[in-house]
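Right, one structure below, let's go through it.
Below, all heavy atoms of this structure are taken into account, side chains as well, without hydrogens, waters or symmetry copies. What you see is a predicted model; the values in this text were computed from it and never measured. Sequential numbering from 1 along the given sequence is applied to the chain's residues.
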Amino acid sequence: MAGSRVDRPYIPGMSAYAGDERAHGRPVSPRRAGVLRPLAIDQVALAPGGFWGALQRRNAETTIPHAERWIERVGTVENFLPPAERSVPQRRGVLFTDSDAYKVLEAMAWEGGRARDPGLERRTARLTAIVERAVEDDGYVNTYWGAYEARDRYSDLQMGHELYCHGHLIQAAVAAARTGGPQSLVRAGVAAADHVCREFGPGGPREAICGHPEIELALVELYRVRGDERCLQTAAAMIERRGRGLLGEGPFGRAYYQDDLPVREAAVMRGHAVRALYLLAGAADVAAESGDTELLAAVERQWHATIARRTYITGGMGSRHEDESFGEDFELPPDRAYAETCAGVAAVMLAWRLLLATGDSRYADHIERTLHNVVLACPSRAGSAFFYTNPLQRRAPGTPPPPDSESRHAATGMRAPWFSVPCCPPNVARLLATLGGYAATVDDDGVQLHLYAAGRVSTDAATLALRTRYPWDGTVDVEIEATQAPPWTLSLRVPSWAGGATVTVGGRSRPAAPGVVRVRRAWRRGDVVRLELPVRPRWSVPAARIDAVRGCVAAERGPLVYCAESLATRDDAALDALVVDPVEAADERPVDGLEDAVGIAVRAREHRAGVACGWPYGGGDRGSAPPGAERRLTLVPYYLWANRGPSTMRVWLPAGRGR
């Protein structure tokens, strides 16, 4: 457990850069022995006009400022002021809104490190100064509990979210430390961590855990910055305490908090989806830093079981609304899917940690799927309205939410500008601010490319220019712009769906099977590697045990899941009545109102079984009416649905011969 802060890795969006904690310093690339090492935030530059670069620019120009305005508007920021200085004396918002301010600060810090902006730096410093005033003498800070509201600290660890909020403050501090952000934010996060370690660390007075995991991974991140063993030891202790029933039953039982089984014994993720994913992210961090292979194996075991039995085709996790939780195995109803955006963000973070720890490309496959189909579905094309939940079917057109007030998190089928529990928008903002960090890694042998985006990757071994229109097009050109003389290996991920891919080097092509293709040579400036991925429409069939979608198919193209949207039917036909013919080849075509997207044109017919006799059950097609007229239906990328107005939608389409 070496504590030097120059050999700790950067974990995009939820972790740290190794380097000095200095104001306005350049982020430093991490150096440590391991399977894969991530890059500093300024070592990957996404092209502004590319698919991911445009999204990151929108995040910086629209989403982050939008979130700043809303936390001011609804009182989240004012809560940090003494009651006498507020516009209204009482605290506003749910008890854990402090975390929303911290996530916004984290997004601002990462964005500030990626692209220096004096205006953003001033806004970050202003918000930090307000937060810093609320820090108590011993490092504790919370606007719902503690001195401001005279509520006893840690009197409700089950649902109080105090350690959860401390965790998000610490993560914001880590971002500031690694990007030259406000040192006052660093001090506030360090003070909070010191407080937590004193109170909850080994030998401390409180052998307890938080009802919402988050503090565990935050402490490991700060350990990577400071090398303070207490942070790692406290995080490890909290991981080991989980599953001993310390939180009590609660309204949804111990599994809701993952307090029913020790992490090392659990077979699959269960309970509240975001809690489960944050917990395992913390466990993966502890395992990586301590060399605990048994703990890492336990995290991997749960991940693989959850992917195989409790994950939607979009990558979404969590099928139950009541407790925002995973269901039982293969309980994956499309219309009742919760698939919270925060769970998508957390799933990316966990898979990233496992990718770094193991080098297994399956984790990168899941990162790509979840980014394209859950994370990107959250913000509108304008970047100023958001989905909280991500169902795979909408039976009635959504209701436009009010533009100037908070919405219930799952109340409508359209994106809302803000929520009464606004955890998702700032979570997406902080992830998108670090998006380039997921594209590439290095090891002692060379450079690995995991996600394909137009831009430039700079490492000690080489500078690479990436040219691609992915995900719309499957051609990825990697040009060596600068390189060191010795031979090194360029590794390219070939997604699991990409059977038939090829790689071309020096005019010679060869097959590239799903997994990783490696090219090792003494590179020269101007060398180009071309990866051709077969980005074309395909039909996917669900496992027979997924009762809710048995007999249906879903369309995919490259990493994108597609859906039918009622706007595309051009008439009053209900999507529920349409049957597609998966035997027919699907064509590609533009999408009205979404001109930059590639749509999939399929043949469908209206299915009228059971309508003639007024009874939907019987033997075979007895009592069925003849099939309706044939129609052409243009499927749209799932992440873009509900951007053109209220609509119905479905990902899984009933399958049958259209004739």
Side-chain angles (χ1 to χ4, degrees), residues 13 52 54-74 76 93-94 96-97 99-108 111 168 273-274 314-318 321 324 337-349 370-392 394 397-435 563 565 594 637-647 649:
W52 285 109
L55 292 170
Q56 192 171 63
R57 186 178 70 250
R58 184 191 70 188
N59 185 61
E61 296 176 355
T62 301
T63 302
I64 292 176
H66 177 88
E68 291 177 68
R69 288 191 295 270
W70 272 94
I71 61 173
E72 294 271 7
R73 178 176 184 170
V74 299
T76 303
V94 295
F96 47 82
T97 56
S99 64
D100 302 316
Y102 301 149
K103 281 184 280 189
V104 172
L105 269 174
E106 184 184 346
M108 296 166 75
E111 181 59 32
H168 278 298
V274 180
T314 56
M317 294 185 180
H321 281 240
E324 302 180 326
Y338 199 70
E340 184 182 344
T341 295
C342 279
V345 172
V348 169
M349 304 306 175
T370 307
L371 280 174
H372 281 89
N373 301 297
V374 179
V375 175
L376 286 193
C378 172
S380 65
R381 280 163 67 84
S384 56
F386 311 89
F387 275 142
Y388 193 106
T389 61
N390 295 280
L392 281 70
R394 177 76 187 179
T399 303
D404 55 357
S405 62
E406 300 164 290
S407 297
R408 290 178 54 83
H409 56 267
T412 75
M414 297 190 71
R415 295 170 180 86
W418 205 246
F419 303 100
S420 55
V421 180
C423 51
C424 296
N427 227 356
V428 169
R430 66 179 183 147
L431 187 152
L432 293 179
T434 60
L435 196 55
C563 67
E565 191 176 12
L594 301 172
Y638 170 78
Y639 84 90
L640 289 173
W641 87 275
N643 268 287
R644 296 175 290 174
S647 64
M649 176 275 296

Q: Tell me, with the steps shown, if Tyr388 and Arg408 meet side chain to side chain contact (heavy atoms under 4.5 Å, CB included).
A: CA-CA 9 Å; Tyr388 193 106; Arg408 290 178 54 83; over 6 Å; no

Q: Start with the C-alpha gap between Val375 and Tyr639, add the side-chain angles, then the distance that decides, and say whether side chain to side chain contact (heavy atoms under 4.5 Å, CB included) holds.
A: CA-CA 8 Å; Val375 175; Tyr639 84 90; over 6 Å; no

Q) So Glu111 and Arg430, salt bridge (Lys or Arg N to Asp or Glu O under 4.0 Å) or not? Walk me through it. A) CA-CA 8 Å; Glu111 181 59 32; Arg430 66 179 183 147; over 6 Å; no

Q.
The test is side chain to side chain contact (heavy atoms under 4.5 Å, CB included); show your working for Leu432 and Gln56 and say whether it passes.
A. CA-CA 6 Å; Leu432 293 179; Gln56 192 171 63; 5.5 Å; no

(Q) With side chain to side chain contact (heavy atoms under 4.5 Å, CB included) as the criterion, how do Glu68 and Val104 come out once you've worked through the C-alpha distance, each side chain's angles and the decisive distance to 0.1 Å? (A) CA-CA 7 Å; Glu68 291 177 68; Val104 172; 3.9 Å; yes

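Although no hydrogens or angles enter the test, the distance criterion places a donor-acceptor pair under 3.5 Å between the side chain of Asn390 and the main chain of Ala339. The backbone N or O of Thr370 sits nowhere less than 3.5 Å from a side-chain atom of Asn373 that would complete a donor-acceptor pair. In this structure, the side chain of Glu340 does not engage the main chain of Thr389 through any donor-acceptor pair within 3.5 Å. Between the side chain of Lys103 and the main chain of His168, no donor-acceptor pair closer than 3.5 Å is present.
Checked for salt-bridge contact, Glu565 and Arg644 meet the test: a charged N lies under 4.0 Å from a carboxylate O.
The minimum heavy-atom distance linking Asp404 with Arg73 is given by the pair O-NH2, 2.6 Å. Residues Pro401 and Ser407 share a closest heavy-atom pair of CB-OG, 3.6 Å. The minimum heavy-atom distance linking Ala429 with Thr63 is given by the pair CB-CG2, 4.1 Å. Of all non-hydrogen atoms in Trp418 and Pro425, the two that sit nearest each other are CZ3-CB, 3.7 Å. Between Leu371 and Trp52 the shortest heavy-atom distance is CB-CH2, 3.9 Å. Listed here is the closest heavy atom pair of Thr314 and Val374: O-CG2, 3.5 Å.
Side-chain atoms of Met649 and Tyr638, non-hydrogen and from C-beta on, do get closer than 4.5 Å to each other. Residues Trp70 and Thr76 are not in side-chain contact: their nearest non-hydrogen atoms beyond the backbone lie 4.5 Å or more apart. Residues Met414 and Thr399 fail the side-chain proximity criterion, which asks for heavy atoms closer than 4.5 Å. Counting heavy atoms from C-beta outward, Ser647 and Pro397 have side chains that stay 4.5 Å or more apart. A heavy-atom distance below 4.5 Å is not found between the side chains of Glu61 and Pro65. The closest side-chain heavy-atom distance from Glu406 to Val74 is below 4.5 Å. Taking 4.5 Å as the limit, some side-chain heavy atom of Asp100 sits within range of a side-chain heavy atom of Cys423.
Taken from CZ in Phe419 to OG1 in Thr341, the straight-line distance is 7.5 Å, to the nearest 0.5 Å.
Partner of Leu431 under the side chain to side chain contact (heavy atoms under 4.5 Å, CB included) criterion, chosen from Leu435, Asn427, Val428: Leu435. Of the options Ser384, Pro379, Ser380, a side chain to side chain contact (heavy atoms under 4.5 Å, CB included) to Arg58 is made by Pro379 and by none of the others.
Relative orientation of the His66 and Phe386 rings is tilted, given thresholds of 30° and 60° on the angle between their planes.
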